[in-house]
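First comes the structure, then the notes that go with it.
Each chain gets a letter, A, B and so on, in the order the sequences are listed, and its residues count up from 1. If you're wondering where the values come from, they're calculated on a predicted model, not measured in any experiment.
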Amino acid sequence: MEIPSKYNPVEVEDKWYKYWLEQNYFHSEPDDREPYTIVIPPPNVTGVLHMGHMLNNTIQDILVRRARLLGKNACWVPGTDHASIATEAKVVAKLKSEGIGKKDLTRDEFLKHAWDWTDKHGGIILEQLKKLGASCDWERTSFTMDEIRSQSVVKVFVDLYNKGLVYRGVRMVNWDPAAKTAVSDEEVIHKEEQSKLYYVRYQIEGEDNYVTIATTRPETILGDTAVCVNPNDERFQHLKGKRVLVPLVERSVPVIVDEYVDMEFGTGCLKITPAHDINDYEIGMRHNLETIDTFNDDGTLSEKAQILVGVDRFEARKQIVPMLEKSGNMVKVEDYKNKVGYSERTDVVIEPKLSAQWFLSMEKLAKPALDAVESDEVEFHPKKFKNLYRHWMGNLKDWCISRQLWWGHQIPVYYLEDGSFVVAETAEKALAAAKEKTGNPNLTMDNLTQDEDVLDTWASSWLWPISVFDGVAKPDNNEINYYYPTSDLVTGHDIIFFWVARMIMAGYSERDQYPFKNVYFTGMVRDKQGRKMSKSLGNSPDPIELIEKYGADGVRVGMLLCSPAGGDLLFDESLPEQGRNFSAKIWNSFRLVRGWEVSDELEQPEHSKLAIEWFNQKLSEQIAIMNDHFDKFRISDALMTIYTTIRDEFSSWLLEVVKPAYLQPIDRKTYEEVLDALDKVLRVLHPFMPFISEEIWQLLRERQAGESIMVSQWPEVGEVNQNLLTGFEAVKEAIAGIRNVRKNNNLPMKDSLELKIQKGDKGYGGQFDSVLVKMGNLSGIELVTEEVKGAASFRVFSSSFFIDLGDLIDVEEELKKLEEELKYTQGFLSSVMKKLSNERFVSGAPEAVVAKEKAKQADAEAKIKVLKEQIVNLK
RNA sequence: GGGCGAUUAGCUCAGUUGGUUCAGAGCACUUGGUUUACACCCAAGGGGUCGGGGGUUCGACUCCCUCAUCGCCCA
């Protein structure tokens with residue numbers, strides 16, 4: 001068969017992905033095997049694939065593919081998330097560009113547009129993941145707003161309501177005036193800004209005196225209902241019991257006292273606007289203050305403001321300043337740095353606003369979820385995120401789960417005409433409940449109005465590990481019983497609260513069990529300069545272009561090479577390039593092997609037999625190391641292990657040793673054994689580089705139709721013979737020594753050399769002589785009992801190796817080398833002796849440690865003896 | 001203001017619960033190499049008082065205290 005000299009990933013990757021799909025290898029059904037389950041963090045339907053997804057899904061695919069090779073029933077459930085705010089914003093924007101306003105549409109009409117939009121864009125990311133090689137069970141693809149998932153969300157809402165955990169309340173919420181909805185605390189991003197601190201004076205009612213307050217938001221004075229001072233503040237004792245007039249609107253409001261006021265800040269005198277500041281709201285509650293909401297939902301001033309009605313809040317701030325100056329109330333303006341909350345979704349400044357919302361009480365839900373992580377029932381990788389989690393879980397506020405949007409799950413609350421309500425999964429059930437509640441059998445649907453709002457998107461994604469198996473509506477179905485709890489979750493640490501914590505809560509609340517055993521937190525992908533990747537900076541490469549350039553395997557390797565768990569990773573194109581280069585290396589190794597002519601006549605040479613024996617042991621050792629890395633979720637370490645094994649041990653050592661002379665055939669036995677070794681290597685490589693491993697594996701031997709490396713087996717780790725491994729390491733060193741002598745003396749590889757060895761006590765064993773002869777191109781090995789005069793030399797352990805150079809030897813150079821080596825060894829010995837002569841070390845340290853130090857002493861002493869003799873001989 | 005985390009080679013980071021030559025890997029760099037798979041390569045090499053200081057210990061990159069710098073989260 002003709003093997004192309006260059007590996008072509010694009011062609012190969014498409015071919016095998018198609019094959020895997022045809023063979024239905026990705027699909028899982030419950031059976032007798034141990035399940036291994038991952039649910040994908042569902043990407044937003046609005047999104048396109050970015051580097052974060054690449055990292056995240058590469059890791060998931062590695063875990064799933066390895067589980068499959070380990071013989072587990074692996075199931076990776078894909079899907080997407082409806083992303084209420086983000087999607088609604090996109091749809092509104094699209095409609096606007098077509099001249100359609102959301103207000104012009106009915107809810108149903110709008111939803112039709114939203115569904116069209118979702119149908120068109122929603123699957124893009126999943127399609128892109130196929131290019132990456134993701135082995136998801138596509139038959140199970142779920143969507144947070146499909147029928148089963150929607151039923152699940154609604155049912156859970158009703159259940160939690162019936163348990164008394166869902167309640168309706170008026171609260172200060174984070175209002176997004178652009179999206180016209182409440183958002184959760186987690187969706188508010190605080191940014192430090194250069195702003196102004198305005199000093200405004202209020203006239204004391206009935207007097208000609210004033211009191212000055214400081215504020216960053218002068219436009220909110222229109223909603224002031226008090227001025228507050230600290231009860232301990234001597235400066236303001238005279239104000240107690242008095243009233244002041246709010247500037248411009250001339251409203252009379254009381255002066256109140258509250259410990260909350262910081263005497264050091266500003267003037268020590270605080271204006272109170274209960275409708276527009278969370279702290280003011282709480283003070284207002286304590287003092288029974290009036291609440292005047294001076295803003296409309298879109299951030300413009302309302303009728304209640306009396307002036308500047310209809311003007312946007314920022315414009316109002318600009319306009320009110322000259323008005324206050326004119327009225328004589330503006331005292332001064334200072335520059336001031338403060339933090340301002342922005343909406344994560346729309347990037348507009350969040351407005352604290354009082355409104356009626358649905359809340360989920362967190363206290364009961366949080367307890368088991370916190371315990372689970374504390375006790376490592378759910379394990380976080382890396383562990384450091386436990387601290388963050390504990391801190392957050394200990395300071396939980398109730399979760400505002402309603403959103404003033406249309407795109408999402410409409411809240412299953414139905415209001416009667418008298419304002420009371422029933423909560424039910426469907427309209428029919430609601431009607432029945434309403435009839436029962438009112439005792440009026442004649443009620444119809446026309447008498448009921450469903451709550452306009454939808455639920456927060458996270459209120460559906462927190463059920464994801466359960467709802468993808470329909471475990472909410474049918475809590476005892478086969479699938480949920482088999483696949484749940486899932487095995488591992490891989491996600492970014494930025495959504496630990498949004499998503500991970502809430503899934504754990506839902507897991508215990510719904511099924512009294514954790515949703516996943518392990519959580520692997522990935523870092524954030526940043527650019528080379530450490531900046532977050534973003535569209536506006538244009539610093540994010542297009543993943544699909546990267547795949548086309550370096551191959552999916554290359555990109556996967558590149559993502560992992562720099563990605564310790566939890567730490568941010570700085571992405572640079574040299575990384576996938578390195579991955580691509582590695583593909584080429586593997587390909588060329590394979591080409592070498594497949595290019596050999598095989599002879600049935602030839603006996604297996606000793607050196608080949610030894611090298612194969614050694615490599616099999618070495619590979620076993622390396623796989624054991626990889627298994628350990630996997631167990632501890634050190635995925636990039638596992639990759640690095642197989643990377644160096646292939647590049648160094650397999651290609652540079654095994655293949656070089658067994659390689660026949662130019663145009664000479666190789667013996668059958670060696671050839672087959674090398675193919676077997678490569679077969680194993682490919683199988684442990686497969687999770688990381690699924691495509692090239694499949695391509696080579698298929699070309700390696702005749703395969704039956706329907707066979708694939710992805711459903712083969714992860715190699716077993718056998719007994720490892722440490723003597724063999726250390727013996728071979730000694731040969732490697734000896735060969736390096738010979739190469740050095742050649743290099744230093746300009747002795748070309750093609751000229752064979754005679755090697756003399758003086759064995760020490762525990763030195764070179766001689767078992768690998770044939771390997772040494774081949775790799776060093778030696779004409780022979782002679783054992784000697786004394787140093788060889790006038791020869792170049794080097795030492796491995798306590799053996800000395802000599803290469804007679806006749807007159808060619810540079811005595812000065814050789815002496816210099818020996819002196820240096822002697823000096824180093826003596827220094828080493830003295831450090832060992834220092835330990836051994838320390839009485840407290842000998843008595844205090846474990847026996848094994850002391851024994852090792854003694855062995856070091858013996859080795860060093862032997863080496864020093866040899867070196868000294870040689871120096872004498874040379875002189 | 002509160003909390004968490006980090007600080008190790010030019011860069012990005014490991015260092016597995018204090019003990020072999022433990023100061024490492026990859027990349028980058030330097031030198032040499034058209035050996036008959038691979039220059040997307042091979043071989044060899046340089047480079048760090050493990051942020052500073054103190055402590056515990058026979059022994060500290062590792063544990064404790066403190067300071068400095070940076071980052072993240074929360075208020």
Point to revise | For Trp587(A), ring pair (Phe, Tyr, Trp, His ring centres under 6.0 Å) partners two or more places apart | key: Tyr7(A), Phe590(A)
Check your understanding: Which dot-bracket string describes RNA chain B (Watson-Crick N1-N3 plus N6-O4 or O6-N4, or G-U N1-O2 and O6-N3, all under 3.5 Å; [ ] crossing; | other strand)?
Key -> (((((((..((((.....[....)))).(((((.......))))).....(((((..]....)))))))))))).
Review point. What pairs with Asp667(A) under salt bridge (Lys or Arg N to Asp or Glu O under 4.0 Å), at least two apart in sequence or on another chain?
Key: none
**Study point:** For Phe728(A), all residues meeting ring pair (Phe, Tyr, Trp, His ring centres under 6.0 Å), sequence neighbours excluded
**Key:** Trp614(A), Phe768(A)
Which side-chain N or O atoms in residues 658-665 of chain A pair as donor and acceptor under 3.5 Å with protein atoms at least two apart or in another chain?
{"unit_1": "Lys659(A)", "atom_1": "NZ", "unit_2": "Glu656(A)", "atom_2": "OE1", "d": "3.3"}

Between the protein and nucleotides 5-12 of chain B, which nitrogen or oxygen pairs come in under 3.5 angstrom?
{"unit_1": "G5(B)", "atom_1": "OP1", "unit_2": "Asn387(A)", "atom_2": "ND2", "d": "2.8"}

Revision key, fill the gap. Judged by nearest nucleotide, the residue sitting upstream toward the 5' end of RNA chain B, Asn740(A) or Lys632(A), is Lys632(A)
Practice item. For G18(B) and G26(B), measure between their P atoms and round to the nearest Å. Key: 27 Å
Exercise for review: Would you please name every residue forming a side chain to side chain donor-acceptor pair (under 3.5 Å) with Asn8(A), sequence neighbours left out?
Suggested key: Glu11(A)
Review point. Between U7(B) and C67(B), how far is it from one C1' atom to the other, in whole Å?
Key: 14 Å
Point to revise | Inter-nucleotide P distance (G19(B), G59(B)), Å rounded | key: 15 Å
Taking N or O atoms only and anything under 3.5 Å, show me the protein contacts with nucleotides 19-25 of chain B, one pair per line.
{"unit_1": "U20(B)", "atom_1": "O3'", "unit_2": "Lys856(A)", "atom_2": "NZ", "d": "2.7"}
{"unit_1": "U21(B)", "atom_1": "OP1", "unit_2": "Lys856(A)", "atom_2": "NZ", "d": "2.6"}
{"unit_1": "U21(B)", "atom_1": "OP2", "unit_2": "Lys856(A)", "atom_2": "NZ", "d": "2.2"}

Exercise for review: List in chain and number order the residues that pass salt bridge (Lys or Arg N to Asp or Glu O under 4.0 Å) with Lys397(A), two or more places apart in sequence or in another chain; answer none if no residue qualifies.
Suggested key: Asp185(A)
Point to revise | Contact letters for nucleotides 29-37 of chain B, in which S counts primed atoms plus P, OP1 and OP2 and B counts the base, heavy atoms under 4.0 Å | key: -------BB
Revision key, fill the gap. Applying ring pair (Phe, Tyr, Trp, His ring centres under 6.0 Å) to Tyr550(A) and not counting sequence neighbours gives none
Check your understanding: What residues form a side chain to side chain donor-acceptor pair (under 3.5 Å) with Lys743(A), not counting sequence neighbours?
Key -> none
Exercise for review: Using the closest heavy atom to pick a nucleotide of RNA chain B for each, name whichever of Asn581(A) or Ala736(A) lands nearer the 5' end.
Suggested key: Asn581(A)
Exercise for review: Could you please spell out the steps behind the ring-ring contact (aromatic ring centres under 6.0 Å, His included) verdict for Phe385(A) and Phe380(A)?
Suggested key: CA-CA 7 Å; Phe385(A) 288 107; Phe380(A) 281 5; 7.5 Å; no
